[in-house]
Amino acid sequence: MQRDLFALAILLAIIITAGCQLPVYTVKSISRGQTAINGNLELTSGKGPYGADVRNLKFVVAYEKDDRVRIVIGDSEEKRWRVPDYVIPGLKVQGRADQSNLVVEIPDQGKQFNIKISRRNGQVLFDTTGKDFVFEDQYLVLSTAFTSPHEPNIYGLGERVNALRLDPRDNHYTIWPQDNGNLENFNLYGHHPFYLDQRNDGTAHGLFFLNSNALEFNMKYNKNENRLQIRAIGGIMDLTIFAGPHPQQVVQQYHDLIGRPAFVPYWSLGFHQCKWGYDNINNTIAVVENYKKNDLPLDTIWNDIDYMQDLKDFTFHNKNFEHERVKKFISDLHANGQHYIVIVDPGIKVEKDYAPYEIGLQKGVYIFKEDGKTPIKNKVWPGITVFPDFTNPKSHEYWSDLINEWLDEFPLDGIWIDMNELATFCDGECESDANDISTPYLPPGLKLNKQQLNMNSVMNASTWYNAHSFYAFMEGYATRKALLRKYPNKRPVIISRSSFAGTGRYNSHWLGDNDATYRSMHLSIPGMLTFNMFGIPLVGADICGFNGDTNAQLCARWTQLGSFYPFSRNHNSIGKIPQESYVFGPRITDINRSALKNRYQLLPYYYTLFYKAHVEGSTVVRPLFFEFPTVVDSFVVDTQFMVGSALLVSPALEENQTVVDALIPPGRWFDYYNGTEISGNRRLKLFTPLEKIHVHVRGGAIVPRQQDALNTAQQKKLPHNLLVALDENGNAGGELYLDDGESVDAVSTGRYTLIKYKASFDQSRYTLESHVDRAGYDNGVLGYVSFVGLKSKATKVTVNGSAAKFRVEEDKLTVDCGNSKLTKDLKIVVSL
Ligand SMILES: *[C@@H]1O[C@H](CO)[C@@H](O)[C@H](O)[C@H]1NC(C)=O
Ligand SMILES: *[C@@H]1O[C@H](CO)[C@@H](O)[C@H](O)[C@H]1NC(C)=O
Ligand SMILES: *[C@@H]1O[C@H](CO)[C@@H](O)[C@H](O)[C@H]1NC(C)=O
Ligand SMILES: *[C@@H]1O[C@H](CO)[C@@H](O)[C@H](O)[C@H]1NC(C)=O
Ligand SMILES: *[C@@H]1O[C@H](CO)[C@@H](O)[C@H](O)[C@H]1NC(C)=O
Ligand SMILES: *[C@H]1O[C@H](CO)[C@@H](O)[C@H](O)[C@H]1NC(C)=O
C-alpha cells in the first residue's frame, strides 16, 4: 500500500513538472547583415523555475573576427548588469560572414529561437536546438549539445584543482572566486569561464562565457543525455566561440580577445624562496646566505605577512624587521643582482591615525555597505579592516601613493597580492546580520558570502554580487600602475592569488595554498597548464608544498618538477618544518642543485617562450595534445607536459617511485642530458632513481641555453649555447630572443635581438645557419653548439668556413664556437 502511494506521488511529480513548461523564446525580428545578425526575442510560452522571466530580449551575433563569433543576448532595455569594457572589451566587429571560418544559423522570424555554429565543412561546434534556454533575473541558462561524435574532451573552467581533462559525465563546475584552499572539486580563487574542446579528429575549438556573476558549467554525457548547461545567477549571456582549429590557435584567439600577457622581467624566471615564518630580518638574510653557501641559485627572496607591524599594510615591523637593516638588506640584494618581494593584502586596518586608513576614509575609496556611504568592515589578519574599491578610479591614485611612498623607503622589486578574492574571516560581516541579496538558485554547495563581503556591498562598478569576481583583476591593474609610476621602465612583477579572465595583462599567479603531498604535487601540473591556457603563463605551485610538513624525498621530487614550472618558488606555511633546498643533507642538496642549475641553463629558452606568449598569445608550458592534437592517447595526460614545443618533461610523482610510465609521442626523441635517441609513438618505462627527472628533446627542435650562475644578473654575461636535435630528415629549427631583461619598451622600441636557427641535411653534410631577424640588443656570445641525432660520426666541422674544434661525448657532438657574437651570422657545417 505504501509502495503504491509512493509510486503515485512520483507520477504526480512527473505530471506537475511536465506541466511547468520551460520557457520558449520566439524570434520577433531578425536582420541578417554582413558583419552581424541582430534581432529581438519574446517569451511566448512557459516560464523559468526561479522567478521573474525577462520577457523581451535583444541579441547580436557578430563575426568579431574571422576566427571567432560572439553572441550577446541581453534584456532589450540594456539595463542589466554587464561586465565593463575596461575588464574585457565589448563587442567590436572586424570580421564578415562571407570570410568567417564559422557559420551561424538562427531561425527566421516567428520561429523558436536557437543558435547553431558550425565550421565551413559542416562540423557543428555549438547547438542550442532543443536545449534549455532560461533568462530570469537571477537565473540564466544557455545549453548546448556536446556536438562531438565521442565523449567530449574539455579543458579549462577555472579556477579549480582537478585533472587536466574535465569529467563530462555528470559534473558541476562552479566558478566564483573564494578562498577554498586547494580543495579538489571546489571553486577556488580565480574566475575563468573558458574551455577548450578537443576532438578526436585533431581539431579544437574554444568557448568563453563573459559573465562576472557566480557561474556553473553543468555537464552531462551519458546514454540518455548529452548537454552542457551554462548557468549564471545574474548579468547577461555574452559568449564567444573560437574556431581554432589547432589547440594552440584556440588559445591565441582567446588571448586576442582577453588581452595577451604582460611581458615579465628575466629575473622573475629565476628561482624564488619564501616561507611564512621567516619572522625576522636576520633569518631572512640567513636563507639568502645559505643558498649561496650551498652553491644553489636564487634570484628572489620573499617575506610573507611576518614582516608587517601589527599585520598592517605598508609597514615593516619596528623590531623584527628593523628598518635600517631591511634597507641595507635590500641594497645588498640589489648589489648582488638579487630581488626582494613581499606580500600585501587589500584589507586596510581600521585604526585611528593609521595613515592608509585615514586617507582612504577621507577620499571615500572604500567598498561601501548597501547604503553606498558607510565603508563595509570585515576581519582579516590585522583585525577589523576596510577594503579599497579598486573599481573606483579614485582608488588607483590612493593605492599608488601608498605604494610609492613605501617603496621610496623600501625599494621592493615586486608585490605579491593575496587574500584578494576577498578572503575574510567573517562571512558577510562580523557584527551584524544585515539583510543580503537573496538568491532563488545557487550552484550546489555554494555559499556566496563564505569568507566574503555581503553581496549587497557597493562598489563603483556595481554590487559585490555582480562585480566581486574581478576585484583582484582591478587590484592588479592598480598595483601595476603604482609600480610603473615608481619604476617607469621596469616590467612589474605582481603575483596575485585571485584572477579574472584577462588578468595576465597585469599580473601573474601562483596556484595558492597547496599541501605537502604527492597528490598536490601531481595536480600542480594541470593547474599550471590550465593557467597557461588562461593567458597567465608565469605560474607555478608552492614547491615542496605549503600546508603540512614536507619530507626530503617529496621535496627533492618537487624541486625537480618545480624547476620546470614557469614560476618556480619554494614556499611553505608557518610552523611547518623548513624546506629550503639545502636542509635535507648533501644528497638532496645535490639533487636540488642540479635541478636548479638545469633550470638556469634553460632560461633563454623559457624567456623566448614568454616573449612569444606576450606578442602572439600562446603557452609556455602546454599539454602534450597541444603539440600532438591527433594523438588521442595524449588527451588525458597530466603527469607529463611540454615546455614549448621542444621539451617533454616526465617527472616522478609518487612516493618511492622508481619507474615512470611515459607516453612518448610520435617522432624522434633524445634524452635531454646525454643525447641518447629513443623512438616515439609508444609508452616507455623510464628508470627514475631519486637523482633523475626525465626530460626528452624533440627531434626537429633547437633549444637555446646558457651557462648557469647563482642568479640571472651574474648569468647575463655568460656564453649561450644551442642544443640541436635533428629530426628523421636531419632538419631542425628554433629561435632565441634577447633583451636587457627588464625594459617595458624593449619590444616596442626594437631594443631586442631575435635570431632564428635552422639546421638541414644535404647528402653527407649537416648545415646549421643563423638568421638574425633583428639585432637591437647587442649582448651575448655563443660558446658551443651540440648536435644530437647525427646519422654517423662527424669527420670534419667548420664554423664560418674555418675548421673548428669539436668533441663527441656519449651520443652528442659538441662544436666549439669560440664565443662569437650572437648577433653575427653563423654557419656550421658538419661533414660525415
Ligand atoms: C639581527 O642581528 C643583528 C646583528 O647581529 C642584531 O643586532 C639584531 O638585534 C638582530 N635582530 C633580530 C630581530 O634578531
Ligand atoms: C565611478 O567613478 C567615476 C569616476 O570617479 C564617477 O564619475 C562615477 O560617478 C562613479 N560611479 C558610481 C556609480 O559611483
Ligand atoms: C616508501 O618506502 C619507505 C621506506 O621503505 C616506506 O616506509 C614507505 O611505506 C614507502 N611508501 C610507499 C607509499 O610505499
Ligand atoms: C642516457 O640516459 C638514459 C636515461 O637515463 C639511459 O637509459 C642511457 O643509457 C644513457 N645513455 C648513455 C650513452 O649513457
Ligand atoms: C661569419 O661570416 C659572416 C659572413 O661572412 C660574417 O658576417 C659573420 O660575422 C661571421 N660570423 C662569425 C661568428 O664570425
Ligand atoms: C631541495 O632539497 C631540500 C633538502 O635539502 C629540500 O628541503 C628542498 O625543499 C628541495 N627543494 C628546494 C627548491 O629547495
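For the numbers below, each heavy atom of this structure counts, side chains included, while hydrogens, waters and symmetry mates do not. For the single chain, residues carry numbers from 1 onward in sequence order. Both counts, for ligands and for their atoms, begin at 1 and track the order of listing.
Residue contacts with ligand 2: N392 is placed with no nitrogen or oxygen under 3.5 Å of a nitrogen or oxygen of the ligand (distance criterion only).
Atoms of ligand 3 lying under 4.0 Å from at least one heavy atom of N656, given by number and element, are 1 (C), 2 (O), 3 (C), 8 (C), 10 (C), 11 (N), 12 (C), 14 (O).
With sequence neighbours left out, the salt bridge (Lys or Arg N to Asp or Glu O under 4.0 Å) criterion links D313 to no other residue. Residues satisfying the side-chain hydrogen bond (donor to acceptor under 3.5 Å, both in side chains) test with T315, not counting sequence neighbours, are none.
H396 has its ring centre less than 6.0 Å from the ring centre of Y477. Checked against a 6.0 Å centroid threshold, the rings of F314 and W399 count as neighbours.
Of the charged side-chain nitrogens involved, at least one lies within less than 4.0 Å of a carboxylate oxygen, so that D401 and R485 count as a salt-bridged pair.
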Could you list the donor-acceptor pairs under 3.5 angstrom formed by side chains in residues 85-92, with sequence neighbours left out?
{"unit_1": "D85", "atom_1": "OD1", "unit_2": "G90", "atom_2": "N", "d": "3.3"}

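A cation-pi arrangement is absent between K293 and Y582 under the rule of less than 6.0 angstrom and at most 45 degrees off the ring axis.
For ligand 1, the protein residues within 4.0 angstrom (heavy atoms only) are N280, N282, K319, N320, R325.
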